[in-house]
Amino acid sequence: MIAALGRRVLGLRAALARLADLINQTAYWMVIGPFRAKGFRWRWMIRQMVATGVGSVPIVGLISLAVGMILALQSAIQLRRVGALVYVATLVSVSIVRELGPLMTAIILAGRSGSAFAAEIASMTVAEEVDALKVMGLPPVKLLVVPKAVALMITLPCLTIMADLIGIAGGFMIGVGWLGLGFGSYLHQTVVFMTLGDVFSGLIKSVFFALIIALVGCYQGFSVSGGAEGVGRRTTASVVTSIFLIIVADCFFTVLNYLVG
């Protein structure tokens, strides 16, 4: 039992060392490397932005609309009991902008883009294409990780803004069309209680969520072993780990926002 525990601790230590090295190289090629070498692979980055951003618009929009409608209905059940039905607009807008918009968008992209990152790099690792890049003197992190991370850091906040607007629109449809709240009253409650600080806090979260998704997906891809079966395991692990870390990071930001506010 002690030997098994020791092997797990040593394995965790080695994994953390590899992850720290990946973070260090990614930070270098994102911040310092472009001024000392040839810079970003802009064409690859734009391709990743199209794949992660444009391709995710339909599913993010549909889920955000459904979440906004559900949140309005669920809040209306409780607020109606205390005669505060008008505050449905406030609850929906603030909840979506602060929490649900960035969180749901990040979870969707963790399943859609994070798994794709892991599968792509894992397949290249198994086929020894990553080793070939190293032999040719081309840094794999610069070519494979940085375009994905930068693209996701741009597209995830944009998708978060879209998710916020569509989620608020879904709550508006239920509030005005079903609950009978006035158009002007609903709009007034939304504008008055939702501040720019709420919007910016959600966008800041989305940037960190994007880094988590990209780094975890790429790390799992580089760590693959065992052929095609290993590719499947690492792809699944990237999704599970990304979602777990996203929720932990969201909890941290929520506590920090509470303490500061």
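Just the heavy atoms: all of them, side chains too, but no hydrogens, waters or symmetry mates, feed the values below.
Residues V82 and Q78 are not in side-chain contact: their nearest non-hydrogen atoms beyond the backbone lie 4.5 Å or more apart. Between T105 and S206 there is no side-chain heavy-atom pair separated by less than 4.5 Å. At least one side-chain heavy atom of V86 sits under 4.5 Å from a side-chain heavy atom of S185.
When all heavy atoms are compared, the tightest approach of P139 to W29 is CG-CZ2, 3.6 Å. Closest of all the heavy-atom pairs between I59 and S56 is CG2-O, 3.3 Å. For the residue pair A118 and Q220, the shortest heavy atom distance occurs at CB-CB, 4.4 Å. The minimum heavy-atom distance between M69 and G170, with the atom names listed, is CG-O, 3.4 Å. Across every non-hydrogen atom of V88 and A76, the tightest pair is CG2-CA, 3.9 Å. Nearest approach of C218 to L22, heavy atoms of both residues: C-CD2, 4.4 Å.
Applying the salt bridge (charged side-chain N to carboxylate O under 4.0 Å, His left out) test to every pair with at least one member in residues 185-212, sequence neighbours left out, gives these pairs: R98-D198, E99-K205, K205-D250. Among residues at least two apart or in separate chains, ring pair (Phe, Tyr, Trp, His ring centres under 6.0 Å) pairs with a member in residues 198-248 are F208-F253.
In this structure, the side chain of S238 engages the main chain of T235 through a donor-acceptor pair within 3.5 Å. Checked by atom type and distance alone, the side chain of S75 pairs as donor or acceptor with a backbone atom of A72 at under 3.5 Å.
M104 contributes atom CE, which lies 5.5 Å from atom CD1 of I63 (distance to the nearest 0.5 angstrom). Here CG of L65 is found 9.5 Å from CD1 of I70. Values are rounded to the nearest 0.5 Å. Of the inter-residue distances, the one linking R18 atom CZ with D21 atom CG reads 10.5 Å to the nearest 0.5 angstrom. Rounding to the nearest 0.5 Å places CD1 of I212 at 11.0 Å from CD1 of I247. Between Y28 atom OH and K142 atom NZ the span is 9.0 Å, to the nearest 0.5 Å. The structure places CD1 of I246 at 4.0 Å from CD1 of I213, a figure rounded to the nearest 0.5 Å.
V207 and V146 fall within the same hydrophobic cluster, defined by Ile, Leu, Val, Met, Phe, Trp and Tyr side-chain heavy atoms under 4.5 Å apart, directly or through other members. Hydrophobic clustering, with ILVMFWY side chains joined whenever heavy atoms are under 4.5 angstrom apart, keeps F193 apart from L196. Tracing side-chain contacts under 4.5 Å through hydrophobic residues (I, L, V, M, F, W, Y), one never reaches M194 starting from V191; they form parts of separate clusters. Both V60 and I243 are part of a single hydrophobic cluster, where members link through side-chain heavy atoms under 4.5 Å apart. Residue L203 is not grouped with residue L109 when hydrophobic side chains (ILVMFWY) are merged at heavy-atom distances under 4.5 angstrom, including chains of intermediate members.
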Tabulate below the donor-acceptor pairs under 3.5 Å that side-chain atoms of residues 123-137 make, not counting sequence neighbours, or state none.
residue, atom, partner, partner atom, Å
S123, OG, A119, O, 2.8
T125, OG1, I121, O, 2.8
T125, OG1, G221, O, 3.3

Anything under 3.5 Å between a donor and an acceptor, one on a side chain of residues 151-168, the other on a protein residue two or more places apart or in another chain? List them.
residue, atom, partner, partner atom, Å
T155, OG1, T52, OG1, 3.4
T155, OG1, A151, O, 2.9
T160, OG1, L156, O, 2.7

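Listed by chain and residue number, F172 satisfy the ring-ring contact (aromatic ring centres under 6.0 Å, His included) test with Y186 (two or more places apart in sequence, or in another chain).
Connectivity analysis of hydrophobic side chains (ILVMFWY, heavy atoms under 4.5 Å, direct or indirect) links L10 to nothing; its cluster partners are none.
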